[in-house]
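We're numbering straight along the sequence, starting at 1.
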Amino acid sequence: MQVTELWRHPIKSHGREAVSAVTLIAGQSMPWDRVWAIAHDAAKAGPGVWASCHHFSRVSKAPGLMAVTATLDEVTETVTLMHPDQPDLTVRPDDGGEAIVAWTNALVPQDRALPSHVMRLDGRGYTDSDFASVTLCNHASHRAVEMQMEHALSIHRWRGNIWFDSDAPWVEFDWMGRDIKVGEAVLRPRERTDRCLATAANPDTGARDADTLAALDSFGHRDFSVRCDVIQGGLVRPEDVVVPL
């Protein structure tokens, strides 16, 4: 089994970005993954503390956000947001929260809680888990979902971090609590990633066009990928070997 792709999401639910390599750090999420999140106007989350997804503007409530892509300049901490229906926006989230809120407001339903302000959380990021996690995704499991639905799906519906390929779908669910060597790093799957309506949205258009939850139901669960603790840090690159220890 080998790593195929690495993805991060600098602003939670607002864009994905491929990276050519990543150095994982023990006890932390993927560097620059979900460092920022956009709280909505009904949020009760405080600054500098992890909060659940319910406090933030997200794809499950605003499917148009699924079509956002992003690039991050790590040196200047500047993010460029792109969407097929919006002009590109380049901004420092720490300084340009109002610009980001205005930009994203056009992509969310106006009858729901609206984007309000940008929050930042270093080290562990605003992952959907209540611990600093890195998601490990299996292409074989993705292909199983495609076969069930009888048409191709973008892997970006799952918004994962590390993708690997294997011959066995759902094998990652058997790794719970077991150390997995990924490149130079060691991960320990801690929980399966439960899925929501966000995965129904098309990453190219932002329109809901696939009943992914029904497809997952056919396998007896609504899970895709596993959330992992980073037990040992290290460099991970595409083509690195994935080995259960």
Among Ile100, Thr80, Val79, the one residue meeting side-chain contact (heavy atoms from CB on, under 4.5 Å) with Leu89: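 Answer to the side-chain contact (heavy atoms from CB on, under 4.5 Å) test with Leu89 among Ile100, Thr80, Val79: Ile100.
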Taking atom types as modelled, find out whether [X] and [Y] have a side-chain donor-acceptor pair closer than 3.5 angstrom.
X      : Y      : answer
Asp223 : Thr193 : no
Ser141 : Glu172 : yes
His9   : Arg34  : yes
Thr135 : Asn161 : yes

Pairwise side-chain contact, Val35 with Glu77, heavy-atom cut-off 4.5 Å (strictly under):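 No, side chains not in contact.
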Geometric cation-pi criterion Arg190 and Phe131, 6.0 Å radius, 45° cone: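 The answer is yes; both the distance and angle limits are met.
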Pi-cation contact, Phe173 with Arg192 (under 6.0 Å, within 45°):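 The answer is yes; both the distance and angle limits are met.
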Carboxylate-amine/guanidinium contact Asp194 Arg227, below 4.0 Å: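 So Asp194 pairs with Arg227 through a salt bridge.
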Between [X] and [Y], is there a donor-acceptor pair closer than 3.5 Å when you use the side chain of the first and the backbone of the second?
X      : Y      : answer
Arg208 : Pro63  : no
Gln110 : Asn105 : yes
His142 : Leu153 : yes

Trp163 and Phe224 aromatic ring geometry - parallel, tilted or perpendicular at 30°/60° bounds: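 Correct class here is tilted.
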Centroid-centroid distance, His14 to Trp36, less than 6.0 Å: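 No, they do not, as the ring centres are separated by 6.0 Å or more.
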Within 6.0 angstrom of Met176 CE, more than 12 heavy atoms from elsewhere: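 More than 12 heavy atoms, drawn from other residues, nucleotides or ligands, come within 6.0 Å of this atom.
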